[in-house]
2 protein chains.
Amino acid sequence: MSSVDRVYSEVRAMAAAFEFKPDERINELRLAKFVGTSRTPLREALNRLVAEGFLTYRNGQGFFCRSLEPGGIMNLYEARIAVECEGIRLASERAEDVEITALRSYLHWIEPIYRGDAGPEKLVELDEEFHLKIIRLSANSELERMLVNLNARSRFVRRIDMEKRRAITPADHLAIVRALSIRDPAAATERMRQHITRRREEALAAVRNAFSRLYVSQGAM
Amino acid sequence: MSSVDRVYSEVRAMAAAFEFKPDERINELRLAKFVGTSRTPLREALNRLVAEGFLTYRNGQGFFCRSLEPGGIMNLYEARIAVECEGIRLASERAEDVEITALRSYLHWIEPIYRGDAGPEKLVELDEEFHLKIIRLSANSELERMLVNLNARSRFVRRIDMEKRRAITPADHLAIVRALSIRDPAAATERMRQHITRRREEALAAVRNAFSRLYVSQGAM
DNA sequence: TTACACAGAGCTGTATACAATTTCAAGCGA
DNA sequence: TCGCTTGAAATTGTATACAGCTCTGTGTAA
């Protein structure tokens, strides 16, 4: 694994968790030393992150953390609706029965963890994984790529949201899988839309609280 | 404008037009000289293009042109359906009446060009612009960003398709705007889906012919 | 003839150097 | 006090150097 890939993953995780404060300028030399490399591979990684929407770039001024506005979060959730609703529609046409059965098993498999003492990171991870499994059933790598990106960029907010809720409510997920298993694209799409919309409303409320913690916490940098 | 941005635009246009052959390895030194810069800013631009799906990267081997498979093209069109159907749904809720009127005017404005002797590039450009205008009415910059990316990556195929058809058939576009203007999200979404699906079928046929020309033509590199 | 080993050329991955630009703070004047 | 100027320090943008890896073609042996 090359330095660029390693640095990319590391900085991406930092950006996803807003360890850079919104709109904060990124000092290349400092960050390069922090991740243990030189500016050249770091800048290559930063350029990827610009293309993926994690950072912004202004000529002559360098790289900046993306800003965190409620409107921007809304946009991410709406984009998720676009991707996931079409994804589940395709999945309901293309998935093998055995794959849907496996999905249902996964839900039952992780249910004890819901009720256990898993931390918010773990809960978000399980939730993302469920949605990813559905997208994969659409057999469309573009939709999957888009969802991976949207997940990473909204993870911070979802984590905050999960902290408040303390649990995943599995009812939505079960209803989605049920619609999928009876091959009802319209119902599956509608369930998915409602599900994500609900989460969006929660997240929107959560993000307002998020501001405070962002500007207080002193990250590793 | 920095060298990275300039190089990025230049190489992006080359990649979009498949001036690199599918799966072809990109020689950094040669390309750097060709675009008049050194390897450092070139590689930064190439990394952005990897993140956007124009190129691939294998460690120790460098950058490669994306491959051109019918399945990959299908995926792009399906992703367009996801983005544009949700986009027009939001647009039908959010657009001002005056904006929809402007959209209709645009269609009438470009109609003479359809019938004129515009080249295929021009026709594709006008078609892309129409779809972009709709997405912008959704007021969601994420959806817009996604569409811009998908457009660029499928432009090559659409150009080939347009060459065969020699014209845009404005009926689809008119029907879409009509559904939008009466604020009927379901109808607008369905029109859009049908429209893109039709284009997808044509493109799929066109892409098979495209292979030959790709491997015959000697690009600038 | 085919498979493998090897050497050389060529290319990529990373670090570093340096020029150009921006930032920031101190100084100055209104 | 506020705004502007100015200059040094810091930071970014680009080129280049070089180490290490990959690829290719030749030679050799089975």
Side-chain angles (χ1 to χ4, degrees), chain A residues 1-15 18-67 215 218-221, chain B residues 1-15 18-67 215 218-221:
Chain A
M1 196 187 196
S2 80
S3 178
V4 174
D5 290 330
R6 187 178 53 75
V7 167
Y8 165 77
S9 302
E10 226 168 303
V11 178
R12 185 178 189 265
M14 293 173 71
F18 275 102
E19 292 185 24
F20 315 109
K21 298 186 187 66
D23 297 313
E24 182 189 14
R25 183 177 187 167
I26 290 173
N27 185 314
E28 297 174 10
L29 200 61
R30 199 144 41 100
L31 182 55
K33 279 181 183 160
F34 181 76
V35 298
T37 184
S38 74
R39 282 178 60 219
T40 308
L42 171 65
R43 280 179 59 102
E44 294 190 11
L46 294 178
N47 271 285
R48 281 200 221 173
L49 293 169
V50 168
E52 291 175 349
F54 287 96
L55 305 175
T56 61
Y57 174 77
R58 288 202 292 279
N59 195 290
Q61 300 172 55
F63 299 88
F64 296 80
C65 183
R66 70 195 185 284
S67 51
Y215 292 101
Q218 292 300 334
M221 286 293 301
Chain B
M1 196 186 199
S2 82
S3 180
V4 175
D5 289 331
R6 187 178 53 76
V7 167
Y8 165 77
S9 302
E10 228 168 300
V11 178
R12 184 177 188 266
M14 293 174 71
F18 275 103
E19 292 183 25
F20 316 107
K21 298 187 185 67
D23 296 313
E24 182 189 14
R25 185 177 183 166
I26 290 174
N27 184 313
E28 297 175 10
L29 200 61
R30 199 144 41 100
L31 183 55
K33 279 181 183 162
F34 181 77
V35 298
T37 186
S38 75
R39 283 179 60 220
T40 309
L42 171 65
R43 281 178 59 100
E44 294 189 11
L46 293 178
N47 271 285
R48 281 200 221 174
L49 294 169
V50 168
E52 291 175 349
F54 287 96
L55 305 175
T56 61
Y57 173 76
R58 287 201 292 280
N59 196 290
Q61 300 171 53
F63 299 88
F64 296 81
C65 183
R66 70 194 185 283
S67 51
Y215 291 102
Q218 294 297 338
M221 286 292 300

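Labels below follow one simple rule: chain letters A, B, ... track the order of the sequence lines, proteins then strands, and each chain is numbered from 1.
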Would a distance-only check, ignoring hydrogens and angles, find a side-chain to backbone donor-acceptor pair under 3.5 Å from B/Arg6 to B/Val35? yes

Could you tell me whether the side chain of B/Arg25 and the main chain of B/Gly62 form a donor-acceptor pair under 3.5 Å? no

Counting side-chain heavy atoms from CB outward, which of [options] is closest to [X]?
X	options	result
B/Thr37	D/dA15, D/dG13, C/dA15	D/dA15
A/Pro41	D/dT14, C/dA15, C/dT23	C/dA15
B/Arg25	C/dC11, C/dG13, C/dA15	C/dC11

Tell me whether the OP1 or OP2 atom of [N] has a side-chain N or O from [X] closer than 4.0 Å.
X	N	result
B/Arg43	C/dT12	no
A/Thr40	C/dT14	no
B/Gln61	D/dC23	yes

Would you kindly give the [atom1]-to-[atom2] distance between [X] and [N], to the nearest whole Å?
X	N	atom1	atom2	answer
B/Tyr8	D/dG13	OH	C1'	19 Å
B/Leu29	C/dA9	CG	P	17 Å
B/Leu42	D/dT16	CG	P	14 Å
A/Arg39	C/dT16	CZ	P	12 Å
B/Leu46	C/dC11	CG	C1'	14 Å
B/Asn59	C/dG13	CG	P	6 Å
B/Tyr57	D/dT22	OH	P	11 Å
B/Lys33	D/dT16	NZ	P	10 Å

Below 4.0 angstrom, N of the basic side chain to O of the carboxylate: do A/Glu52 and A/Arg48 qualify?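 The answer is no: the pair does not qualify as a salt bridge.
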
Contact nearer the 5' end of DNA chain D, comparing B/Gly60 with A/Glu28: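 The residue closer to the strand's 5' end, by nearest nucleotide, is A/Glu28.
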
Look at the side chain of B/Arg30 and the base of C/dG10, then say whether one donor and one acceptor between them are separated by less than 3.5 Å. no

Mind checking whether A/Arg43 and A/Phe63 have side chains closer than 4.5 Å, heavy atoms only?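 Yes; the side chains approach each other to less than 4.5 Å.
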
Answer yes or no for B/Arg66 and B/Phe18: cation-pi contact, defined as NZ/CZ to six-membered ring centre under 6.0 Å and angle to ring axis within 45°. yes

